[in-house]
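Each remark here refers to the structure printed beneath this line.
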Amino acid sequence: TQLLEQSPQFLSIQEGENLTVYCNSSSVFSSLQWYRQEPGEGPVLLVTVVTGGEVKKLKRLTFQFGDARKDSSLHITAAQPGDTGLYLCAGGIGGTSYGKLTFGQGTILTVHP
Amino acid sequence: NAGVMQNPRHLVRRRGQEARLRCSPMKGHSHVYWYRQLPEEGLKFMVYLQKENIIDESGMPKERFSAEFPKEGPSILRIQQVVRGDSAAYFCASSPHAGARIIMNTEAFFGQGTRLTVV
């Protein structure tokens, strides 16, 4: 059974601070995806990383996939209240099961103005 | 340009009743995945279906839960004799074929979910 450990579970910071969320596993994944979910809505994809060591940037968000494709991180620079939400990482094993994803338990981020 | 459509958005059932959750995939998509999200937890894979076939149901509880994706019509997740522990958000996602990675973005390959409450 593949597991993804996401940390921290809760994060409460002030506007303008930086933060990093981690996603770790003992298993290798063919892809790692990060989502953001608002209350009462479905997850919305932020980014997909597929290559070990890959780094992707999306405005103030930086995503990294570990060299061994077992871990990933999400770094937010100068957080804003609009960044508040649930962040989920999810690993895919590829093959014929692209849609079968293993999700971390999520990080609830609160950014205070 | 409709995305994955789930209904109802909210469903309240008494213990012992049946719950039916529907998912209409994006047009042209023939692969459907169901996930369950318990309060303050991540999403857990339940079942993967293609038209008229269950491909992988390794995440489905052995009893009371069933899923189908008929040739015509939406995919149905059915929960018989619901209990309070079934209260959760149930999400559906779709893809055009097995070789395509699911891309879930604001234009939606992921449904908005059905919130089931068992009272």
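Letters A, B, ... mirror the listed sequences (proteins, then strands); counts begin at 1. Basis for what follows: all heavy atoms, side chains included, without hydrogens, waters or symmetry-related copies. The structure presented is a predicted model; accordingly, all values stated were derived computationally and were not measured.
Taking the side chain as every heavy atom from C-beta outward, B/L43 and A/Y35 never approach each other to under 4.5 Å. Looking at heavy atoms from C-beta onward, B/R64 lies in side-chain contact with B/V83 at the 4.5 angstrom threshold. Within the 4.5 Å cutoff, no side-chain heavy atoms of B/Y33 are placed close to those of A/L101. Contact check for B/R22 versus B/P8: side-chain heavy atoms found under the 4.5 Å cut-off.
When heavy atoms are compared at a cutoff of 4.5 Å, A/Q6 does not approach chain B at all. The part of B/Q37 that comes within reach of chain A is its side chain, from C-beta onward, which places non-hydrogen atoms under 4.5 angstrom from that chain. Residue A/L4: no heavy atom, backbone or side chain, is found under 4.5 Å from chain B. With a 4.5 Å cut-off on non-hydrogen atoms, A/Y87 does not touch chain B at all.
By the criterion of side-chain heavy atoms lying less than 4.5 angstrom apart, applied directly or through intervening Ile, Leu, Val, Met, Phe, Trp or Tyr residues, B/L11 is grouped together with B/W34 in one hydrophobic cluster. Cluster annotation: B/M46 and B/L49 are assigned to the same hydrophobic cluster (Ile/Leu/Val/Met/Phe/Trp/Tyr, side-chain heavy-atom contacts under 4.5 Å, transitive). Linking Ile, Leu, Val, Met, Phe, Trp and Tyr whenever their side-chain heavy atoms come within less than 4.5 Å puts A/V47 and A/L19 in one cluster. No continuous path of ILVMFWY side-chain contacts below 4.5 Å connects A/Y22 to A/W34, so the two sit in separate hydrophobic clusters.
Below 4.5 Å, heavy atoms of chain B meet no heavy atom from residues 53-78 of chain A.
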